Amino acid sequence: MERIVLPDIPNLNQIDVYLTNGGFESFKKALSQSPDDIIDQVKKSGLRGRGGAAFSAGLKWSFMPKTTDKPKYLCINGDESEPGSFKDRQVFEDNPFQLIEGAIITCYAIGAKVAYLYIRGEYHKWIKLMQKAIEVAYDRGFLGESMKKTFGNDFSCDLYIHKGAGAYICGEESSLMNSIEGYRGYPRVKPPFPAQKGLWGCPTTINNVETITNVPKIISNGWEWYSKIGAQKHPGTLLYGISGHVNKPGVYELPTGILLTDLIFNTASGIPNNKKVKCVIPGGSSMPPLRGDQLEGIRMDAESLKEAGSAIGIGGVMVMDEDTNLLKVLIRITHFYHHESCGQCTPCREGTGWMEKTLHRILEGNGTSKDLDLLISVAENIEGNTVCALGDAAAWPVKFMIQRFRDEFEQYVKNEVTIPVPNKVHSMRNTSAPLANLHK
Amino acid sequence: MFKFTEENIKRIEKARSKYPTALAAVMDTVYIAQEQNGFISNEVMEEIANILSIDKVNVLSVVTFYTMYHTKPMGKFHVQVCTNVSCMLRGAYEIWDQVREKLGIENMHVSQDGKFSLEEVECMGACGYAPMIAVNEDYFENLSKEKVEEILNSLN
């Protein structure tokens, strides 16, 4: 299988190697066509966003207004903060010029003059690598004003890196835009969508690093070629990031629609000591977890995983073996979302904290089976009631983990509370003690 | 009084040139200030606001929102241990305890000699190479207890 995003070519991160392997030819080809043609091809190719929502990239581009007196912008999302996601850094490291070429083709298609590449702050090493690649591209006339001379065309665009500073929420598109503008990373209410009002109120398109890196190959090899790779409704390849209890964790580029069991047992060489799989989170920690005994036949594409009761997310597969304590895993996941909630919406800011506290109570041995229902109820009250998807991301693991592994969670809780436990969640309703002694 | 060095003023101007507004350069400028001063004090925030001609409250809101900006001095070696799920599954909490004991400090504390500070961090994007720690800007991946011992001993 030919790899699209991370081809098996040594030193491809050197500009000369990239050029001898057809580098920037796709952009030349794109320039000979109209922007609408490019959008049309990407639409027909079936390329879907790799940032989690799996939305059609071409369709997203087509939302950009054709006539506007405002500047247009492209944002490339390399925030990559979802636990289980570590694929974009591989692109920065191994194939930065294809990302740059994808960025300029996208700018040409949507009519943007400036693109911002948002990279998480912790990625110092990869920011430096990417910065160097961008400087080389400027020097060689593949970015900026000198593009006009290099390609003999009137089009030019700039690409800048915006360095994040440690906030998961900035991977959310509207929060990412606020972060670039110099504000706190608070998500914005949608609509208006970025294509109408994005960066500085101007039309903006936001795509994931992996999505953009796919674009040059779609232009050079044609949309028909691309649409035949992998799953029909979700074509192309994915950078699967496999982590947790597997023998060979890492990033693997494989077609969409492969079997999840293939990925775990062949690509990642199975589970250490041949243990059984208890739980798999197929798309990064916010996606609903799957039971290890129900993995047969599940394919890794948006439609199949939806049918299986989960989602493809960013393709970060986390595998847990039979000895894993799922309660501890769930506490760790919930702690993460509590920590990363931006605090704007009450259900998320408060709900994530209550879920974490309740889970801790269960871990300490003071939980009752009512707590499990309570957790699901809190999760359901967060889900869909927040400005951005972080609320859902925090709610799904709790809701689905408890629903799907109820048998295991029942073991951690008691059916009766023998000692009155002053707990704040139940507001002490079930105890005989007075709620407040005001007579003293 | 905190003042940016000549070189850093040039870097700030370069950062400023990337954006249509001065406010957008605030994150880059805070990074540059942190590099020069070690942490972001009130004084530093004032100078950032001055140099970008923005309100100080804008600097404050950014500094207090993002976890990579420090409002108090950190150690010469800022040791960050990821304990998120993928790392946790591969023994991150053992590494966390080991580092904590070895350095003798708690989360977000600085050792008395100012050499080390410790932070439990959320996912660093090294899930496939877990467990991991980061020291200042460098990642150390695929760790064992022995390797952690070696890394901590080599910090001087």
Side-chain angles (χ1 to χ4, degrees), chain A residues 71 80-89 114 116 120-126 128 158 160-168 170 179-186 199-200 202 241-246 248-251 281 285 316 318-321 324 328-329 332-333 335-336 339-340 342, chain B residues 14-32 34 48 52 54-55 58-70 80 82-90 92-93 119-132 134 136-139 141-142:
Chain A
E80 178 154 270
S81 299
E82 173 93 352
S85 166
F86 52 104
K87 60 188 178 67
D88 294 345
R89 59 184 255 190
V114 179
Y116 292 102
R120 63 178 303 177
E122 290 88 345
Y123 276 4
H124 303 277
K125 176 184 160 188
W126 294 275
K128 279 180 196 147
D158 286 300
Y160 303 115
I161 292 180
H162 186 90
K163 186 179 180 185
Y168 165 74
C170 290
S179 182
I180 291 179
E181 288 182 27
Y183 296 104
R184 290 179 153 212
Y186 284 153
L199 268 180
W200 298 288
C202 304
I242 310 173
S243 61
H245 294 141
V246 286
K248 282 188 188 160
V251 175
I281 304 179
S285 73
M318 297 161 118
V319 183
M320 293 160 223
D321 72 16
T324 313
K328 286 186 179 169
V329 170
R332 192 63 191 83
I333 292 176
H335 175 78
F336 173 74
H339 181 257
E340 298 297 337
C342 77
Chain B
K14 203 179 165 199
R16 171 69 187 81
S17 71
K18 295 194 290 186
Y19 308 101
T21 65
L23 181 58
V26 67
M27 286 180 72
D28 280 346
T29 311
V30 176
Y31 266 122
I32 293 168
Q34 183 159 289
I48 294 169
L52 292 175
I54 56 174
D55 288 334
N58 288 117
V59 186
L60 181 72
S61 77
V62 164
V63 168
T64 49
F65 185 80
Y66 297 94
T67 55
M68 286 177 68
Y69 300 137
H70 301 299
Q80 302 142 73
C82 172
T83 58
N84 211 300
V85 181
S86 295
C87 282
M88 170 188 166
L89 294 171
R90 298 179 81 91
Y93 276 101
E119 184 177 3
E120 182 183 1
V121 288
E122 293 295 359
C123 187
M124 297 282 272
C127 314
Y129 321 104
M132 69 84 67
N136 298 339
E137 299 190 348
D138 302 317
Y139 277 35
E141 297 167 335
N142 293 314

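To find a chain, count down the sequence lines: A is the first, B the second, and so on, and within it residues start at 1. Since this is a predicted model, take the numbers as computed values, not measurements.
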J.: Whether B:D28 and B:K18 form a salt bridge (side-chain N of Lys/Arg under 4.0 Å from carboxylate O of Asp/Glu) is what I want to check.
T.: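 Judged by the 4.0 Å cut-off on N to carboxylate O distance, B:K18 and B:D28 do form a salt bridge.
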J.: Is any NZ, NE, NH1 or NH2 atom of the basic residue among A:R332 and B:E122 found under 4.0 Å from an Asp or Glu carboxylate oxygen of the other?
T.: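 Answer for the salt bridge query: yes.
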J.: Is it the side chain or the backbone of A:K328 that comes within 4.5 Å of chain B heavy atoms, both, or neither?
T.: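 Both the backbone and the side chain of A:K328 come within 4.5 Å of chain B.
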J.: If you tally heavy-atom pairs under 4.5 Å against chain B, which of A:S85, A:A167, A:G241, A:G121 wins?
T.: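 Among A:S85, A:A167, A:G241, A:G121, the one with the most close pairs to chain B is A:G121.
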J.: At a heavy-atom separation under 4.5 Å, does A:S285 approach chain B through its side chain, its backbone, both, or neither?
T.: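 Neither; nothing under 4.5 Å.
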J.: Non-hydrogen atoms of chain B under 4.5 Å away: do they reach the side chain of A:I242, the backbone, both or neither?
T.: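 Just its backbone gets close to chain B.
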J.: Tell me which of these, B:N136, B:V30, B:V62, has more heavy-atom pairs under 4.5 Å with chain A than the rest.
T.: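 Most heavy-atom pairs under 4.5 Å with chain A: B:V62.
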J.: Contact part of B:Q34 toward chain A, heavy-atom cut-off under 4.5 Å: side chain, backbone, both or neither?
T.: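 Neither part.
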J.: If we ignore angles and hydrogens, is there a donor and acceptor under 3.5 Å between the side chains of A:D321 and A:T324?
T.: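 Present: a donor and an acceptor within the cut-off.
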J.: I'd like to know which of B:C82, B:C87, B:A15, B:S86 tops the heavy-atom pair count under 4.5 Å against chain A.
T.: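 Top option by heavy-atom pairs under 4.5 Å: B:S86.
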J.: Quick one: what part of A:L199 sits under 4.5 Å from any heavy atom of chain B, side chain, backbone, both or neither?
T.: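 Neither; nothing under 4.5 Å.
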J.: Please look at B:A126 and chain A and tell me whether the side chain, the backbone, both or neither of the residue comes under 4.5 angstrom of a heavy atom of that chain.
T.: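 Looking at B:A126, backbone and side chain both touch chain A.
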J.: Chain B: which of A:S81, A:G316, A:G164, A:G250 shares the most heavy-atom pairs with it under 4.5 Å?
T.: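 Top count of heavy-atom pairs under 4.5 Å with chain B: A:G164.
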J.: Distance-only, no hydrogens or angles: does the B:E137 side chain make a donor-acceptor pair with backbone N or O of A:H124 under 3.5 Å?
T.: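 Not a single qualifying donor-acceptor pair exists.
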J.: At a heavy-atom separation under 4.5 Å, does B:M27 approach chain A through its side chain, its backbone, both, or neither?
T.: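 The side chain, not the backbone.
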J.: Looking at B:Y31, I'd like to know if the NZ or CZ of A:K163 sits under 6.0 Å from its six-membered ring centre while staying within 45 degrees of the ring's axis.
T.: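 Because its charged atom sits under 6.0 Å from the ring centre and within 45° of the axis, A:K163 does stack over B:Y31.
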J.: Heavy-atom pairs under 4.5 Å with chain B are the metric here; pick the option from A:G185, A:C170, A:C342, A:P71 that has the most.
T.: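 It is A:G185.
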J.: Under 3.5 Å, side chain of A:Y123 to main-chain N/O of B:G125, donor-acceptor pair present?
T.: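 Side chain of A:Y123 to backbone of B:G125, a donor-acceptor pair under 3.5 Å: yes, one is there.
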J.: Most heavy-atom pairs under 4.5 angstrom with chain B, which of A:E80, A:K125, A:H339?
T.: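 Of the options given, most contacts go to A:H339.
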J.: Does any backbone or side-chain atom of B:V121 lie under 4.5 Å from a heavy atom of chain A? Answer side chain, backbone, both or neither.
T.: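 For B:V121, the backbone is the part near chain A, not the side chain.
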J.: Would you say the side-chain atoms of B:Y19 and A:H162 include a donor-acceptor pair closer than 3.5 Å?
T.: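 Indeed, the side chains of B:Y19 and A:H162 share at least one donor-acceptor pair under 3.5 Å.
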J.: If we ignore angles and hydrogens, is there a donor and acceptor under 3.5 Å between the side chains of B:T64 and A:R184?
T.: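 Judged by distance alone, the side chains do pair up.
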J.: Keeping the roles fixed (side chain from B:R90, backbone from B:P131), state whether a donor-acceptor pair exists under 3.5 Å.
T.: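 No; judged by distance alone, with no hydrogens or angles, the pair does not exist.
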J.: Is it true that the side chains of B:Y66 and A:S179 contain a donor and an acceptor less than 3.5 Å apart?
T.: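 Note: B:Y66 and A:S179 side chains meet the donor-acceptor criterion.
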J.: So for A:E122, is it side chain, backbone, both, or neither that comes closer than 4.5 Å to the heavy atoms of chain B?
T.: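 Answer is both: backbone and side chain atoms of A:E122 are under 4.5 Å from chain B.
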J.: Among A:H245, A:R89, A:E82, which has the most heavy-atom pairs under 4.5 Å with chain B?
T.: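 The residue among A:H245, A:R89, A:E82 with the greatest pair count is A:R89.
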